[in-house]
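Worth saying up front: this structure is predicted, and the values here are computed from it rather than measured.
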Amino acid sequence: MIDIKLVRQDPEAVKKALGRRGEAGPIDDLLAVDAERRRCLAELQALQEERNRLSREVASRMKEGRGKPSHGTPGSEIKDRIKAVEAKVVEHDRIMASMALNIPNIPHISVPDGDSHNNNILVSECGKKPEYDFNPLPHWEIGECLGILDFETATKLSGSNFPLFKGLGAKLERALYTYMLDLHTGEHGYTEVIPPYLARRACMLGTGQLPRMETDMYRVEQDDLFLVPTAEVPLVNMHREQILEEASLPLRYVSLTPCFRREAGSYGRDTRGLLRVHQFDKVELVAITRPEESYDVLEKMLAHAGEAVRRLGLAYRVSLLCAGEISFASAKTYDIEVWAPGVGQWLEVASVSNCEDFQARRAEIRCRRSGGKGTFHPHTLNGSGVALARTFLALLETHQRGNGTVGVPEALRPYMGGVEVIG
RNA sequence: GGAGAGGUGGCAGAGUGGAUGAAUGCGACGGAUUGCUAAUCCGUUGUACUGGCGUAAGCCGGUACCGAGGGUUCGAAUCCCUCCCUCUCCGCCA
């Protein structure tokens, strides 16, 4: 949620920043409603003050045994006025909230301008694209031949673009996420969490999936619960409406969950095989930090995610997203893409973002300043560490051999019961 | 699905109409003391909005908040209604 104080203080700067995302944002309207709201609020508070004063008068009379004032009830006429003005304030609050909830986060100063992936800045490239003395196959061919992927059956079960892993495919998937969890808990210091996979509406609002992305979410109508699109939702919302102790920061969590996405409107684009599926496993990193350290933590999380990919022997590159490409809640985002030689594409497997206090404000996560007064909103960060379906496919395509088999990278072998080759 | 109980400050937990932002305990912070990483004693300690002053840390004033919303009343944490949430027991099921 955007900070209304910032909007009041410098509306032009806010407009300009949002403009970088290609969003106008109803800033002038917001300000107008805010001003009117405050005018009504002042009126309301003056009336309430008067009511309280009168009522105290009655109280002291009663105490002195003089009884109620005989002529009417001095406060009763005020009641209607209070009610009327209060209704106005509430209405203005409602309008402001509905506007504010739809305004995206302000991009960080270091985020480049631009509105397409062409404007993203390549930060680094790691590992070499593999070369083959044969024509590398796409993963769906490799997977179907080895009997470890079965898209046809998945479609029979749930419709198109759902994955089904089988045999060593299932084991490889399990090896991948177990390896990542062990890496992040063991070497990078994150606390593992297994959260519920369905989340309340309030959670979805808190992290910013709602209201805008509702049509992309799977929703269980009967209970008004949403299948989590990412573990970021439960992990950040663990602390919703809480006041944390500053000394407890940073909080760092890692979680494996399936991620459910309807991908409404994306049909026909990169939808073969595992490229874009409605359900995929993802190991997610989340951090809640003091504002002054959040950008350091962002760099660390990026490194942690990169390390997970690097050890798998995959070629990957890191880019800094331009203002028009970052997601609703993010102020700054790095993407990690792995090279998939079979399909000949760079595929996004991780997105590491600093949401600053945007989510904390929405989710009412606050922090008590140690040794000081008052509270502040901590910064929230999230990053894939990393997403599985695409990592899985890049792994098959990268480590495929001319004879149709697939090598298992060393980092995964302990998790594969020592299996070195699939096929 | 059936029956019941309950939602109070960072946490635990009192409080059934009048100055209660709310006892008490814990925690946290400040101080005192003890020859020692502890104990004891004293003090302080909610959040948000809003107006004013100050460059500022902050200070002064007001209002709201005891799950949410509505009602009764001069006055509601306290009484009434609706909703939400949590818990317990039974049933069903892994």
[N] pairs with which nucleotide, Watson-Crick or G-U wobble, both distances below 3.5 Å?
{"N": "B:rG54", "value": "none"}
{"N": "B:rA64", "value": "B:rU47"}
{"N": "B:rC85", "value": "B:rG6"}
{"N": "B:rG17", "value": "none"}
{"N": "B:rU73", "value": "none"}
{"N": "B:rC93", "value": "none"}
{"N": "B:rU37", "value": "none"}
{"N": "B:rG25", "value": "B:rC11"}

Just the rounded figure in Å: distance from [atom2] of [N] to [atom1] of [X].
{"X": "A:Leu44", "N": "B:rU63", "atom1": "CG", "atom2": "P", "value": "11 Å"}
{"X": "A:Glu86", "N": "B:rA64", "atom1": "CD", "atom2": "C1'", "value": "9 Å"}
{"X": "A:Arg51", "N": "B:rA19", "atom1": "CZ", "atom2": "P", "value": "15 Å"}
{"X": "A:Ile82", "N": "B:rA76", "atom1": "CD1", "atom2": "P", "value": "10 Å"}
{"X": "A:Leu54", "N": "B:rU63", "atom1": "CG", "atom2": "P", "value": "12 Å"}
{"X": "A:Lys83", "N": "B:rU73", "atom1": "NZ", "atom2": "P", "value": "11 Å"}
{"X": "A:Leu225", "N": "B:rC84", "atom1": "CG", "atom2": "C1'", "value": "14 Å"}
{"X": "A:Asp93", "N": "B:rC49", "atom1": "CG", "atom2": "P", "value": "12 Å"}

Among [options], which nucleotide sits nearest the side chain of [X]?
{"X": "A:Arg200", "options": "B:rG10, B:rU50, B:rU86", "answer": "B:rU86"}
{"X": "A:Asn52", "options": "B:rU47, B:rU50, B:rA64", "answer": "B:rA64"}
{"X": "A:Arg38", "options": "B:rC74, B:rC49, B:rG51", "answer": "B:rG51"}
{"X": "A:Ile243", "options": "B:rG10, B:rC74, B:rU50", "answer": "B:rG10"}
{"X": "A:Arg368", "options": "B:rU50, B:rG10, B:rA48", "answer": "B:rG10"}
{"X": "A:Thr375", "options": "B:rC49, B:rU47, B:rG71", "answer": "B:rU47"}

Euclidean distance for [atom1], [N] against [M] (whole angstrom):
{"N": "B:rG46", "M": "B:rC42", "atom1": "C1'", "value": "22 Å"}
{"N": "B:rG91", "M": "B:rU45", "atom1": "C1'", "value": "49 Å"}
{"N": "B:rG10", "M": "B:rU63", "atom1": "P", "value": "22 Å"}
{"N": "B:rA68", "M": "B:rG7", "atom1": "P", "value": "13 Å"}
{"N": "B:rC53", "M": "B:rA39", "atom1": "C1'", "value": "46 Å"}
{"N": "B:rC41", "M": "B:rC74", "atom1": "C1'", "value": "46 Å"}
{"N": "B:rA48", "M": "B:rG21", "atom1": "C1'", "value": "13 Å"}
{"N": "B:rC11", "M": "B:rC66", "atom1": "P", "value": "15 Å"}

**Request:** Determine, using ring centers only, whether A:Phe260 and A:Tyr197 are less than 6.0 Å apart.
**Result:**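 Aromatic pair excluded; centres sit 6.0 Å or further apart.
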#### Entry: Geometric class of the A:Tyr218/A:Phe162 ring pair [parallel <30°, tilted 30-60°, perpendicular >60°]
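Taking A:Tyr218 first and then A:Phe162, their aromatic rings sit tilted (interplane angle of 30° to 60°).
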* To do: Please state whether the rings of A:His188 and A:His184 are parallel, tilted or perpendicular, taking 30° and 60° as the class boundaries.
  => tilted
Looking at A:Lys16, A:Lys15, A:Arg212, which hits salt bridge (charged side-chain N to carboxylate O under 4.0 Å, His left out) with A:Glu23?
->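 It is A:Arg212, the one option of A:Lys16, A:Lys15, A:Arg212 that forms the salt bridge (charged side-chain N to carboxylate O under 4.0 Å, His left out) with A:Glu23.
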query: Hey, does the Lys NZ or Arg CZ of A:Arg390 hover above the aromatic six-ring of A:Phe280, less than 6.0 Å from the centre and inside 45° of the axis?
result: no
Using a heavy-atom cut-off of under 4.0 Å over every strand shown, decide if [X] touches base, sugar-phosphate, or nothing.
{"X": "A:Arg201", "result": "nothing"}
{"X": "A:Arg361", "result": "nothing"}
{"X": "A:Arg53", "result": "nothing"}

- [ ] Would you kindly compare A:Val90 and A:Asp34 by the position of their nearest RNA chain B nucleotide and give the one closer to the 5′ end?
- [x]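 In this pair, the answer is A:Asp34.
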Assign each of A:Phe376 and A:Glu245 the nucleotide of RNA chain B bearing its closest heavy atom; nearer the 5' end lies the nucleotide of A:Glu245
Margin query: I'd like to know whether A:Glu152 forms a salt bridge (Lys or Arg N to Asp or Glu O under 4.0 Å) with A:Lys156, so could you lay out the CA-CA distance, the side-chain angles of the two residues, the decisive distance to 0.1 Å, and finally the verdict.
Written below: CA-CA 6 Å; A:Glu152 208 178 313; A:Lys156 181 160 99 184; over 6 Å; no
Next item on the list: Flag the pair A:Asp93 and A:Arg37 as a salt bridge only when some basic side-chain nitrogen lies within less than 4.0 angstrom of an acidic carboxylate oxygen.
Entry: yes
Note to self: Regarding A:Glu292 and A:Arg369, does a basic nitrogen lie under 4.0 Å from an acidic carboxylate oxygen?
What the structure shows: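 Between A:Arg369 and A:Glu292 there is a salt bridge, with a charged N closer than 4.0 Å to a carboxylate O.
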**Prompt:** Can you find a donor-acceptor N/O pair under 3.5 angstrom joining the side chain of A:Gln45 to the base of B:rG62?
**Reply:**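 Such a pair exists between side chain and base.
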